[in-house]
Structure formats: structure tokens, C-alpha cells
2 protein chains.
Amino acid sequence: MRVDASRPVSAGCVLDHPLAHEQARALLKALADPLRLQVIEVLGRGERCVCELTDELGLAQSKLSFHLKVLKDAGLLEAREDGRWIYYRLRAEAIGALQRWLGDLAAGCDTPASPCG
Amino acid sequence: MRVDASRPVSAGCVLDHPLAHEQARALLKALADPLRLQVIEVLGRGERCVCELTDELGLAQSKLSFHLKVLKDAGLLEAREDGRWIYYRLRAEAIGALQRWLGDLAAGCDTPASPCG
DNA sequence: AAAATAGATCAATGAGAGTTGATGCATCAA
DNA sequence: TTGATGCATCAACTCTCATTGATCTATTTT
């Protein structure tokens, strides 16, 4: 079996609850790479086989594979095996969880500072 | 004057419009650092003077200054000068823009892949 | 005017993360 | 069973980026 069945820490039902800082940071970090963001954007339009991604993005195979792993470990992607091919899809729950986490972040940012002098 | 009056590309009214990929990536990258995320979380609770941040986070001055600049350049922070002190606050618009951008991202992610064989 | 404080910036160092090419392991076709 | 294809993984290299300590400027205090 080429695809590990065990779920990353950040995956699954965990994302239905409020995100911990570490989890949020892991998602942000995974998204913050230009190449990975391209991958995410393509997968945001629908599931893709690795070979399609390779063509669509014009990437070296090992390079793409590296970044897919990073995204999967962060809980952003899910892989599905079908014979010789592996299909990846974006986990909308992960995006949603991050969205909500960001929403809470700025809650009190208009509170003025106590003068420092 | 110690604080540059010119706005970063990603700041201001730009964030009221849909974010470009590059802008979104800049925000994500700025947020993806553990230390910067701490700063953001503190500023999410209200405006702070640099010296308060230094104390509250226990950081070396130049280190904090470096990260504040990164966050400001990304459009996430705004600085206000008052005499000898400089107060930073979180720009809720930037967070909001990123939230919306993320929302659009996963729009079509349930579209199945065309079988690859 | 001189000393002290707040904060930015710079040069040098170090650590982490991405890239590249090779190799390995499945799966499918012949 | 042999060869070809899809994909993951590994080791070596590179490069980006954060850290550190020093220096510089502006502001305030004495």
C-alpha cells in the first residue's frame, strides 16, 4: 500500500472543533508556499490524479510528490487510490476550519492601547 | 520620521476587493511563522506599544522589530507614532480579506476527477 | 548639551525548507 | 515474466529566512 491509511493529527473530526494555534499554524505554513498554493487552487476546482497535476503545473514528479505530502500531512488534502493512479482532493473542512479560526483572531483588535508613557 | 508613510501594496482599499493570489500568499506567509502568529494573537486583543509586546512576548528588541516589519509589509499591521513610542494594531480588513479568499478557494473541490486510465 | 530610551536597520551566522536526480515499490500491459 | 508506467522516498545540494549583536536615528529627560 502506497498511501498511509493513518490520519494526520490535524485531519478528521478535529477540524470540526475550534482550531488550536498549532493546527492553524500548520495549515498556514502548508499554504504559504507558492507551489503548494497552485496545487491547492487546482484541487479547489476538483479532484485530480497526480499525473494530471504534473502536466497541469509542469512540475518534476518528485517535486510535486514532496509538496503533496506536506499538504496531506497538514490535513489539507485527502488521497484516493485507484489501481495505478492516486487521486487527490482538497478537504473543504480544513479550509473552513482555518476560515473560522481567522474570524476569531481579530475579535478585539480595535481595543486601544493603554498609553505607554 | 521612523514610520514610513507609504502604504504596502497589499494595504488599504486593495483589501476590500478580492485578493489576488500573490496578495493572499503574502498574507499566508506572514502568518505562517510561530513568532509572528503570537504577535498577531496579542494584537488581536488590542493595540499595543512595541515595548509592551517586547515584555509580553519576552523577545529581543531587534527580533520583534524584524517580525513587525514583515507583518506590516504584508498589510496585516498598521503603526501609529506617538512621541517616543510606536503603537501597532491588527488590520481586521486584512484578516477579513484572507477569510473571504479562503472561502472561494474550495468552491469546486467536490468535482470528481475524470478517470485517468 | 549630554545622557538615556524607543525602535529601526544592518552584517554575519545558522537552521530549516525546497530542489534535484536516483532509486525503490507497486500496478498494469505485453 | 518482462518491461513500462505512476508515484513515493532518499541523499546531497542550495537557498531562503530567522536570529544575534552592533550601530544608527529620533525623541525625551536632566
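Numbered from 1 within each chain, the chains take letters A, B, ... in sequence-line order.
Summarising the geometry, the separation between NZ on B:Lys72 and C1' on C:dT9 is reported as 13 Å, rounded to the nearest angstrom. For the pair A:Leu59 CG and D:dA8 P, the computed distance is 13 Å after rounding to whole Å. Computed from coordinates, the B:Leu77 CG to C:dG7 P distance equals 14 Å when rounded to whole Å. Nucleotide C:dA17 holds its P atom 18 Å from the CG atom of A:Leu37, rounded to whole Å. One interatomic measurement links the two molecules: OH of A:Tyr88 to P of D:dC7, which rounds to 9 Å at whole-angstrom precision. A:Gln61 has its CD atom 13 Å from the C1' atom of C:dT19, to the nearest Å. Summarising the geometry, the separation between CG on A:Leu64 and P on D:dC7 is reported as 9 Å, rounded to the nearest angstrom. Atoms CG (A:Leu53) and C1' (D:dA8) sit 15 Å apart, rounded to a whole Å.
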Apply side-chain contact (heavy atoms from CB on, under 4.5 Å) to the pair A:Arg84 and B:Cys116, showing each step before the final yes or no. CA-CA 9 Å; A:Arg84 177 151 50 159; B:Cys116 199; over 6 Å; no

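At the heavy-atom level, B:Cys49 lies under 4.0 Å from the strands shown only through sugar-phosphate atoms. Looking at heavy-atom distances under 4.0 Å, A:Thr54 makes no contact with the nucleic acid at all.
Listed pair B:Tyr87 / C:dG7 fails the phosphate criterion, with no side-chain N or O lying under 4.0 Å from OP1 or OP2.
Picking from D:dA8, C:dG7, C:dT27 the nucleotide with the shortest atom distance to the side chain of B:Ile86 gives C:dG7. Listed nucleotides: C:dG21, D:dC7, C:dA6. Nearest to the side chain of A:Cys51: D:dC7.
Salt bridge B:Asp104/B:Arg100: absent, no basic N to carboxylate O contact under 4.0 Å.
Sorted by first then second residue, the side chain to side chain donor-acceptor pair (under 3.5 Å) pairs that include residues 28-38 of chain A, not counting sequence neighbours, are A:Arg36-A:His67.
Taking only distance into account, the side chain of B:Ser65 never meets the base of C:dG7 through a donor-acceptor pair shorter than 3.5 Å. The base of D:dT28 lies outside donor-acceptor range of the side chain of B:Arg84, with no N or O pair under 3.5 Å.
Here the closest heavy-atom approach between residue A:Tyr88 and residue A:Leu43 is recorded as O-CD2, 3.5 Å.
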Please encode protein proximity along nucleotides 13-18 of chain D as a string of B, S and -, counting only heavy-atom distances under 4.0 Å. ----SS

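Checking side-chain atoms of A:Arg80 against main-chain N and O of A:Glu78 turns up no donor-acceptor pair under 3.5 Å.
One hydrophobic cluster, built from ILVMFWY side chains closer than 4.5 Å, holds both A:Leu105 and B:Val42.
Under the side-chain contact (heavy atoms from CB on, under 4.5 Å) rule, B:Leu35 has a single partner from B:Ile40, B:Leu57, B:Leu59, which is B:Leu59.
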